[in-house]
Protein chains: 2
Amino acid sequence: MGKSLVSNNIRLLRFQNGEMTQQQLADKAGVTRQTIIAIESAKYSPSLELAFRLAKAFNVKLEDVFTYDSEEKK
Amino acid sequence: MGKSLVSNNIRLLRFQNGEMTQQQLADKAGVTRQTIIAIESAKYSPSLELAFRLAKAFNVKLEDVFTYDSEEKK
DNA sequence: TTTTTGTGTATATTTTACTTTACATAATGT
DNA sequence: ACATTATGTAAAGTAAAATATACACAAAAA
């Protein structure tokens, strides 16, 4: 059931941080560029650890990078 | 490269929330009790999605459940 | 004593995150 | 024209998260 309810603004944050490239972010977070691409395009959501590392790479809080679009009350 | 840098206070939160059992939390978060045990005892850290769902189960923010013990500056 | 409830351990399996490698393309620079 | 840089796609493999099932044990309840 269901599409991922987690969305992110990695792309925005990259460009807000001096046009940081995917490769630079990957290096900072300690993953490959493929992983950044997959997460940025929401192909899947990262592990909690990686989410924390990505937030740290931007010097922001985790919830400034990833948001949980919880189910709307009907 | 190392041990998980993510810690949690699920056990504390369970008991702060009316002695919520592992099974009740598992049901709320939509996972099995085994998963709760594994995460609570830090055998591994959850997916980002599950982390969000667990926070929601306690009605707190993700970072009130999980904290990232980032590397200490030497 | 027997049953139920909550917690813990163990192992096998499925699913998903992540890696690695390779190739494609548009944009920039020489 | 050629090289470089940044992004994207795809496929095959490894690693880790999550499930399912089973068994064990202590505490409380009947």
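Naming convention: chains lettered A, B, ... in sequence-line order (proteins, then strands); numbering from 1 in each chain.
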(request) Locate the shortest heavy-atom distance separating A:Y44 from A:T35; write the atom from each residue and the value. (result) OH-CA, 4.2 Å
(request) Specify the residues of residues 24-47 of chain A, ordered by number, for which at least one heavy atom lies under 4.0 angstrom from an atom of DNA chain D. (result) A:R33, A:Q34, A:I37
(message) Please give me every residue in residues 8-17 of chain B whose heavy atoms get under 4.0 Å of an atom in DNA chain D, ordered by residue number.
(response) none
Answer yes or no: is there a donor N or O on one side and an acceptor on the other, between the side chain of [X] and the main chain of [Y], under 3.5 Å?
X: A:D64; Y: A:K61; result: yes
X: A:S41; Y: A:I37; result: yes
X: B:N8; Y: B:I39; result: yes
X: A:E63; Y: B:L62; result: yes
X: A:R33; Y: A:Q23; result: no

Whole Å only: how far is the [atom1] atom of [X] from the [atom2] atom of [N]?
X: B:E19; N: D:dA27; atom1: CD; atom2: C1'; result: 14 Å
X: A:Q23; N: D:dT4; atom1: CD; atom2: C1'; result: 14 Å
X: B:Q22; N: C:dT9; atom1: CD; atom2: P; result: 10 Å
X: B:E49; N: C:dT16; atom1: CD; atom2: P; result: 11 Å

(message) Between B:S7 and B:D69, is the side-chain contact (heavy atoms from CB on, under 4.5 Å) condition met? List the steps.
(response) CA-CA 7 Å; B:S7 58; B:D69 313 316; 3.4 Å; yes
(request) Quick one: do B:L54 and B:I36 satisfy side-chain contact (heavy atoms from CB on, under 4.5 Å)? Show the steps, please. (result) CA-CA 10 Å; B:L54 288 169; B:I36 299 299; 3.9 Å; yes
